[in-house]
There are 2 protein chains.
Amino acid sequence: MQIIESPEEMQRLALFLKRSGKTIGFVPTMGFLHAGHLSLMRLAREKCDVLVASIFVNPTQFGPNEDLDAYPRDFERDELLCEEEGVDIVFYPEPGNMYAADASVWVDEESLSGVLCGASRTGHFRGVCTVVAKLFNLVLPDLAVFGEKDAQQLRIIERMVRDLNFPVEIVRGAIVREPDGLAMSSRNKYLTELQRRNALCLRQALDHVVDLVGQGVVDVAVLGKSVANLMASVPDAVVDYVEFVDDETLQPVGRVKGKTLVALAVKIGTTRLIDNAVVVP
Amino acid sequence: MQIIESPEEMQRLALFLKRSGKTIGFVPTMGFLHAGHLSLMRLAREKCDVLVASIFVNPTQFGPNEDLDAYPRDFERDELLCEEEGVDIVFYPEPGNMYAADASVWVDEESLSGVLCGASRTGHFRGVCTVVAKLFNLVLPDLAVFGEKDAQQLRIIERMVRDLNFPVEIVRGAIVREPDGLAMSSRNKYLTELQRRNALCLRQALDHVVDLVGQGVVDVAVLGKSVANLMASVPDAVVDYVEFVDDETLQPVGRVKGKTLVALAVKIGTTRLIDNAVVVP
């Protein structure tokens with residue numbers, strides 16, 4: 001396994017691999033890897049000759065009051081995990097080598113980005129789109145795997161690939177959960193033991209919605225109220241949003257008709273967690 | 001010479017060529033080719049295995065009151081000229097195949113785009129950056145040639161390549177002029193015989209500035225006034241801007257110290273023409 005820190009070197013190697021006819025699979029991460037990331041790597045591993053994983057805590061997708069500095073990092077552990085998953089190249093750049101001091105070009109998604117997490121995290125998806133465009137141009141993947149836990153990010157990246165014509169196939173990786181149902185996240189590390197138990201309310205709320213829709217309840221006002229009641233009983237949980245949106249356009253729906261994305265963001269103490277499910281009536 | 005209308009087919013062929021180890025040279029144009037475009041093709045021809053030229057009047061870089069519909073087109077003539085220059089592939093897409101009706105991802109340059117032409121043509125460079133990013137992803141060039149006549153566009157594209165890490169070398173093509181000094185432009189076609197003569201004031205103004213700077217006049221207020229006087233004597237000419245800016249940052253300068261871009265935009269009747277020169281003290 002090769003570790004590359006220089007963007008120029010990464011691109012040179014990627015160009016060489018492409019010219020040699022190799023297919024490149026790519027899993028971009030912010031590191032502090034967990035079983036969710038590893039499942040994405042396994043998915044990519046099957047579909048390519050050369051597997052590249054990037055580890056880069058991208059500063060431009062964090063707001064001024066967010067947890068950029070506190071975001072957990074452990075490169076040595078990440079390196080071992082990548083090796084075990086058969087990663088060929090770990091791309092591990094310095095922020096200073098990824099962004100010029102006078103960087104002035106940004107990739108903006110303007111339809112799917114204003115809702116859900118985009119509503120409270122101004123500029124977040126601009127940072128995500130920009131860094132993913134940069135990484136695509138440096139790693140030159142044939143396919144890239146993104147997790148369904150970040151449902152909005154996944155759809156925005158798919159839109160970016162479509163609208164900017166990136167020659168990259170986006171593969172969706174299913175959410176990986178702890179045995180008790182909590183979605184894997186690097187931010188779970190922030191939770192105390194008690195908060196960890198309370199955090200189960202996200203999955204419970206989603207299960208509850210799936211049950212209700214299964215029973216024929218499709219009125220979003222009713223479903224939303226039911227989730228709110230469930231959340232109100234959880235100490236330490238403050239709902240940021242519970243949204244029912246069209247699975248493709250991310251526009252709010254009044255009734256569950258077609259494929260509907262149920263997306264949650266909840267603060268447990270100071271830790272913001274997200275989870276989601278797709279329901280059909 | 002092959003003509004490709006489908007973006008998907010263009011990308012498939014480009015991927016195949018790259019995998020076969022061929023280098024691709026690219027000249028993006030809006031068609032209605034003149035000697036300026038052809039010089040860019042000749043420059044690219046020398047440096048690559050496969051030469052691609054695109055002909056696409058990009059709707060997203062025209063403002064609502066600009067000349068999108070009136071923009072001159074002559075594909076059959078363009079085709080012959082490309083063939084004569086040794087172009088291998090003409091990429092000639094339909095607007096409807098380049099932009100989805102719900103397209104929502106844009107590439108924005110935010111530092112160099114607000115001045116000069118960007119000041120009066122809101123959204124112009126967003127359209128340019130977005131279409132060039134799309135074309136780069138479809139044609140996958142190793143190098144692309146842009147003309148120095150569109151000085152601001154050239155610098156913005158160079159910035160985009162740097163900031164988004166496109167694996168593309170940008171080659172600058174010198175301005176090509178008519179024997180009397182008028183910079184080649186597809187829009188010259190709009191000019192009446194009289195306007196055509198009056199249009200020489202752009203080049204004359206630039207020559208005048210070069211002379212003055214050669215004589216040691218470096219105060220931009222003095223230089224600007226001298227150009228304004230010259231322009232005032234030309235019937236039919238309305239100055240949009242005469243700007244003296246840093247050649248790299250495009251920020252206005254008060255004195256000609258380092259490399260300074262002198263950029264002009266002048267309306268001759270209803271036709272807006274641009275020209276520029278780089279001066280050093």
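Letters A, B, ... are given to chains in the order of the sequence lines, protein chains preceding strands, and every chain is numbered from 1.
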| field | E66(B), CD: over 12 other non-hydrogen atoms inside 6.0 angstrom | value |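 Atom CD in E66(B) is crowded, with more than 12 foreign heavy atoms closer than 6.0 Å.
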| query | Do other residues, nucleotides or ligands put more than 12 heavy atoms under 6.0 Å from Q2(B) CD? | reply |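 Yes, CD of Q2(B) has more than 12 neighbouring heavy atoms, counting only those of other groups under 6.0 Å.
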I'd like to verify something: which residue of [options] has the highest number of heavy-atom pairs under 4.5 Å with chain B?
options: S111(A), C129(A), S113(A); answer: S111(A)
options: K22(A), M160(A), R19(A); answer: R19(A)
options: A103(A), A14(A), A133(A), G21(A); answer: A103(A)
options: L138(A), T249(A), D108(A), D142(A); answer: D108(A)

| request: With rounding to the nearest 0.5 Å, note down the distance linking OH in Y99(A) to CG in N165(B). | output: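 Reported value, rounded in 0.5 Å steps: 9.0 Å.
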Which portion of [X] sits near chain A, non-hydrogen atoms under 4.5 angstrom:
X: L17(B); answer: neither
X: E110(B); answer: both
X: R126(B); answer: side chain

| query | Short question: side chain of K134(A), backbone of D163(B) - any donor-acceptor pair under 3.5 Å? | reply |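 Yes.
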| field | NZ/NE/NH1/NH2 to OD/OE distance under 4.0 Å, R159(A) and D102(B) | value |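 Salt bridge: yes.
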